[in-house]
J.: 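My structure is below; once you've seen it, I'll send some questions.
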Amino acid sequence: MMRSLYAGVSGLQNHQTRMDVIGNNISNVNTTGFKRGRVNFQDMISQQIAGAARPQEEVGGVNPKEVGLGMSVASIDTVFTQGNLQSTGIGTDVAIQGNGFFVMKNGDQTFYTRAGVFGVDANGTLVNPANGLRVQGWMAERVGGESVLQTSATPTDLVIPVGQKDPPHATENVRFKCNLNKNMPVFDDATATEAQRREGTWSTEMDIYDSYGRSHQLQMNFRKSPDGDPNHWVVTINVDPAADVDTATRVGLGTTDTGDGEAARTYDLFFDNYGTLRSVRDSVGNETPQDANGNIVLQASFNVADSNEEADGGVYRQTFNLDLGQIGSMENTITQSASSSSTKGFYQDGYRLGYLDNFKIDQNGIITGVYSNGSTRTIGQLAMASFTNQGGLEKQGDTMFAESINSGMADIGTARVAGKGSFLAGTLEMSNVDLTEQLTDMIVTQRGFESNAKTIQTGDSMLETVINLKR
């Protein structure tokens, strides 16, 4: 008689625990990055009234007789299914799609979370503004003028240097591609009029930059050679042709010094019968050097006005590489065909002084700074952690988790590697609580609680009947 009372008590207690978990789930239905809990029940030990008997020749076997003594909580699991993704349009909001956690630091303590509500504090550190925990990742280092990420190193605080200066960068490389009209008229410079010279010249212009960040106009004038070779063009390069002071532009193959004067500004292009570049020569007849990639690279230089004199007493000269593309190629190079002359594209790597205006985070967690001068630079990269048994993590409040002895150690690395998910900037992961499911579980839990209470009431009535037998 007493066993049913205690079984009912265990049912009341454990259904109350399940209701506590359901209530917590429902209260966090709109909590960013929240992962719902789930209660699993199991029966408790049973009292054996009679044991089992093996089959005999005369009779069969007999099953054991056991009375259960109630139930207990088998486990309270954290369910790490993906929550819905909600677009916020805020660049510092980041969601994880797939497996993984953000890595957060509070001093020497490390926490893990799926809630990517981040912001920048007064020092530029990327933090969770609700509790000040710092987002971990890797800061980029400048190596040889390039931003390099050492993701094998220990993660550190991520700092976004908002307002940081980006110093001016002198143009070092220019890549050029265009088409020259095969039908361009040919004029002899000695007898041609100014109008004829203009008609027989194709000019292109682009801006390049000196070490001060000042822009200069790079002008390239193409005209067909009057020497009788129909596939021979002469190119003249000038930097700031309209300037009051001559910049003494020079161009050569490699480090060749072509001397002074107009000849120093020119080189010759030779095409084959298919319209592809065949060879290039400078004004002193040097032939077609190619770099390791098979490209023809000319070296040009010009005087920089208002600069300090060099040690040899001359003015400061800026040198840059002019990449004309590959011999025999029709892509990303200079070609000659019977269509209008055109400049389809070019590239130069110089820029003026700028300031960090904004930054963006891509799917790999790489943070790229966008500067006011139009340049971009890698600032850092978010770290992502994964676990062998993420269900073994311990909740620490603030939607944070910590390692436990059953979760395994955190595997910290980059996104989209070794089963890790990807980052989505401007998006937050919402709670994975299904309200319909929770309300249904609440009904079931309520009925279970009421039934166990009824068990106690019925057992009490039976005890009362027994007690009344002596009357």
J.: Please determine, by modelled atom types, if Asn40 and Ser75 share a side-chain donor-acceptor pair under 3.5 angstrom.
T.: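 Asn40 vs Ser75: donor-acceptor pair found between side chains.
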
J.: Only one of Val21, Ile26, Asp20, Asn28 forms a side-chain contact (heavy atoms from CB on, under 4.5 Å) with Asn24, so which one is it?
T.: Asn28

J.: Which atom pair, heavy atoms only, marks the closest approach of Gln326 to Asn295?
T.: CG-OD1, 2.8 Å

J.: Looking only at non-hydrogen atoms, find the nearest pair between Thr378 and Ala140 and report the distance.
T.: O-CB, 3.3 Å

J.: Give a yes or no on whether Arg142 atom CZ has more than 12 heavy-atom contacts from other residues, nucleotides or ligands under 6.0 Å away.
T.: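 Counting neighbours around CZ of Arg142, more than 12 heavy atoms of other residues, nucleotides or ligands fall under 6.0 Å, so yes.
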
J.: For Thr445 and Asp441, test the side chains for any donor-to-acceptor distance below 3.5 angstrom and give the result as yes or no.
T.: no

J.: Keeping the roles fixed (side chain from Asp349, backbone from Glu172), state whether a donor-acceptor pair exists under 3.5 Å.
T.: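 Yes, because the side chain of Asp349 sits within donor-acceptor range (under 3.5 Å) of the backbone of Glu172.
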
J.: Would you confirm whether Thr171, through its side chain, and Tyr209, through its main-chain N or O, come within 3.5 Å as a donor-acceptor pair?
T.: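 Checked: pair present.
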
J.: Is there a donor-acceptor pair closer than 3.5 Å between any side-chain N or O of Arg317 and the backbone N or O of Ser301?
T.: yes

J.: Ser211 side chain to Ala170 main-chain N or O, any donor-acceptor pair under 3.5 Å?
T.: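 No: the side chain of Ser211 does not pair with the backbone of Ala170.
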
J.: Under a 3.5 Å threshold, yes or no: a donor from one side chain and an acceptor from the other, between Ser337 and Ser339?
T.: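 Present: a donor and an acceptor within the cut-off.
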
J.: Kindly compute the distance separating CD (Gln219) from CD (Glu205), expressed to the nearest 0.5 Å.
T.: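 With rounding to 0.5 Å, CD (Gln219) is 5.0 Å from CD (Glu205).
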
J.: Between Asp434 and Thr436, is there a donor-acceptor pair closer than 3.5 Å when you use the side chain of the first and the backbone of the second?
T.: yes

J.: Report the C-alpha distance between Lys395 and Phe401 in whole Å, list the side-chain angles of each, state the deciding distance to 0.1 Å, and finish with yes or no for side-chain contact (heavy atoms from CB on, under 4.5 Å).
T.: CA-CA 5 Å; Lys395 293 185 176 182; Phe401 298 90; 3.6 Å; yes

J.: Pair Tyr371, Tyr351 - check side-chain contact (heavy atoms from CB on, under 4.5 Å), show working.
T.: CA-CA 10 Å; Tyr371 292 82; Tyr351 47 81; over 6 Å; no

J.: Only one of Asp93, Val117, Thr427 forms a side-chain contact (heavy atoms from CB on, under 4.5 Å) with Thr88, so which one is it?
T.: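 It is Asp93; the other options fail the test.
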
J.: Drop me the distance from Met104's CE to Asn128's CG, to the nearest 0.5 angstrom.
T.: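 The CE atom of Met104 sits 5.0 Å away from the CG atom of Asn128.
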
J.: With heavy-atom distances below 4.5 Å as the criterion, would you say the side chains of Lys360 and Thr376 are in contact?
T.: no

J.: For atom OH of Tyr347, decide whether the heavy atoms of other residues, nucleotides or ligands shown that lie under 6.0 angstrom number more than 12.
T.: yes

J.: Under a 4.5 Å cut-off applied to non-hydrogen side-chain atoms, are Thr399 and Thr32 in contact?
T.: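 The answer is no, as the side chains (C-beta and beyond) never meet within the 4.5 Å cut-off.
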
J.: Under the side-chain contact (heavy atoms from CB on, under 4.5 Å) criterion, do Arg278 and Ile327 qualify, and how do the steps go?
T.: CA-CA 6 Å; Arg278 185 182 69 193; Ile327 295 290; 5.6 Å; no

J.: Applying salt bridge (Lys or Arg N to Asp or Glu O under 4.0 Å) to Arg214 and Asp240, what does each step give before you reach the verdict?
T.: CA-CA 12 Å; Arg214 292 180 302 193; Asp240 292 335; over 6 Å; no

J.: With a sphere of 6.0 Å drawn around CD1 of Ile405, does it hold more than 12 non-hydrogen atoms of other residues, nucleotides or ligands?
T.: no

J.: Hey, what's the ring geometry for Phe176 with Phe222, parallel, tilted or perpendicular (30° and 60° as the breaks)?
T.: parallel

J.: Taking Asn123 for its side chain and Thr125 for its backbone only, find out whether a donor-acceptor pair lies under 3.5 Å.
T.: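 Answer holds: no.
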
J.: Do Leu322 and Met220 touch side chain to side chain, with heavy atoms closer than 4.5 Å?
T.: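 Yes. Closest side-chain heavy atoms under 4.5 Å.
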
J.: So Leu356 and Asp166, do their side chains get closer than 4.5 Å, heavy atoms only?
T.: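 Counting from C-beta outward, Asp166 and Leu356 never come under 4.5 Å.
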
J.: Return yes if some donor-acceptor pair links the side-chain N/O of Gln82 with the main-chain N/O of Ile96 below 3.5 Å, else return no.
T.: yes

J.: Side chains of Val9 and Gln13: closer than 4.5 Å at any heavy-atom pair?
T.: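 The answer is yes, as the side chains (C-beta and beyond) meet within the 4.5 Å cut-off.
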
J.: Does a sphere of radius 6.0 Å around CD in Gln47 hold more than 12 heavy atoms from other residues, nucleotides or ligands, not counting ones at 6.0 Å or beyond?
T.: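 Enclosed: over 12 neighbouring heavy atoms sit under 6.0 Å from CD of Gln47.
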
J.: Can a donor-acceptor pair be found between the side chains of Asp323 and Asn173 at a distance below 3.5 Å?
T.: no

J.: Not counting sequence neighbours, which residues clear salt bridge (Lys or Arg N to Asp or Glu O under 4.0 Å) with Arg416? List them please.
T.: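 Salt bridge (Lys or Arg N to Asp or Glu O under 4.0 Å) list for Arg416, sorted by chain: empty.
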
J.: Taking the side chain from Arg447 and the backbone from Met442, do they hold a donor-acceptor pair closer than 3.5 Å?
T.: no

J.: For atom CZ of Arg38, is the number of surrounding heavy atoms from other residues, nucleotides or ligands below 6.0 Å larger than 12?
T.: no

J.: Answer yes or no: does atom OH of Tyr212 have more than 12 heavy-atom neighbours from other residues, nucleotides or ligands under 6.0 Å?
T.: yes

J.: Rounded to the nearest 0.5 Å, what separation is found between the OG1 atom of Thr319 and the CD atom of Gln299?
T.: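 Interatomic distance, Thr319 OG1 to Gln299 CD, rounded to 0.5 Å: 5.5 Å.
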
J.: So, taking the atom named CZ in Phe34 and the one named CG in Asn25, what distance separates them when rounded to the nearest 0.5 Å?
T.: 5.0 Å

J.: Are the aromatic rings of Tyr112 and Phe387 close, with centres under 6.0 Å apart?
T.: yes

J.: Walk me through it: do Asp362 and Thr368 pass the test side-chain contact (heavy atoms from CB on, under 4.5 Å)?
T.: CA-CA 8 Å; Asp362 67 11; Thr368 302; 5.5 Å; no

J.: Where do Gln217 and Asp207 land on the side chain to side chain donor-acceptor pair (under 3.5 Å) test, with the steps shown first?
T.: CA-CA 5 Å; Gln217 187 183 78; Asp207 287 335; 5.5 Å; no

J.: Using side-chain heavy atoms (C-beta onward) and a distance below 4.5 Å, is Asn432 in contact with Phe80?
T.: no

J.: Rounded at 0.5 Å granularity, tell me how far CD in Glu429 sits from CZ in Arg114.
T.: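 Here the interatomic distance stands at 4.0 Å.
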
J.: What are the two closest non-hydrogen atoms of Ser10 and Met71, and how far apart are they?
T.: OG-N, 3.2 Å

J.: Ion pair present between Arg134 and Asp121, side-chain N to carboxylate O less than 4.0 angstrom?
T.: no

J.: Heavy atoms only: give me the nearest Ile379-Val159 pair and the separation to one decimal.
T.: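 The answer is CG2-O, 3.7 Å.
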
J.: I need the Glu394 CD to Thr78 OG1 distance, nearest 0.5 Å.
T.: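 One gets 10.5 Å once the value is rounded to the nearest 0.5 Å.
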
J.: With the side chain counted from C-beta on, respond yes when Thr335 and Thr333 share a heavy-atom pair under 4.5 Å apart, and no when they do not.
T.: yes

J.: What are the two closest non-hydrogen atoms of Ala402 and Gln396, and how far apart are they?
T.: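 Nearest pair, atom of Ala402 first, then Gln396: CB-CG, 3.6 Å.
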
J.: Between Gln348 and Phe320, is any pair of side-chain heavy atoms under 4.5 Å apart?
T.: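 They are not in contact (no side-chain heavy atoms under 4.5 Å apart), so the answer is no.
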
J.: Around atom CD of Glu331, are there more than 12 heavy atoms from other residues, nucleotides or ligands closer than 6.0 Å?
T.: no

J.: Side-chain donor-acceptor pair under 3.5 Å between Ser404 and Asn406, yes or no?
T.: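 Short answer, no.
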
J.: Take atom CG of Asn84 as the centre, draw a 6.0 Å sphere, and report whether it contains more than 12 heavy atoms from other residues, nucleotides or ligands.
T.: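 Open: at most 12 neighbouring heavy atoms sit under 6.0 Å from CG of Asn84.
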
J.: Could you tell me whether a side-chain N or O of Glu141 sits under 3.5 Å from a main-chain N or O of Gln150, the two making a donor and an acceptor?
T.: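 Such a contact is absent between Glu141 side chain and Gln150 backbone.
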
J.: What is the minimum heavy-atom distance between Val239 and His216, and which atoms define it?
T.: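 So the minimum-distance heavy-atom pair works out to CG1-CB, 3.8 Å.
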
J.: Can you check whether Thr455's main-chain N or O pairs, donor with acceptor, with Thr458's side chain at less than 3.5 Å?
T.: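 Not confirmed, Thr458 side chain does not pair with Thr455 backbone.
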
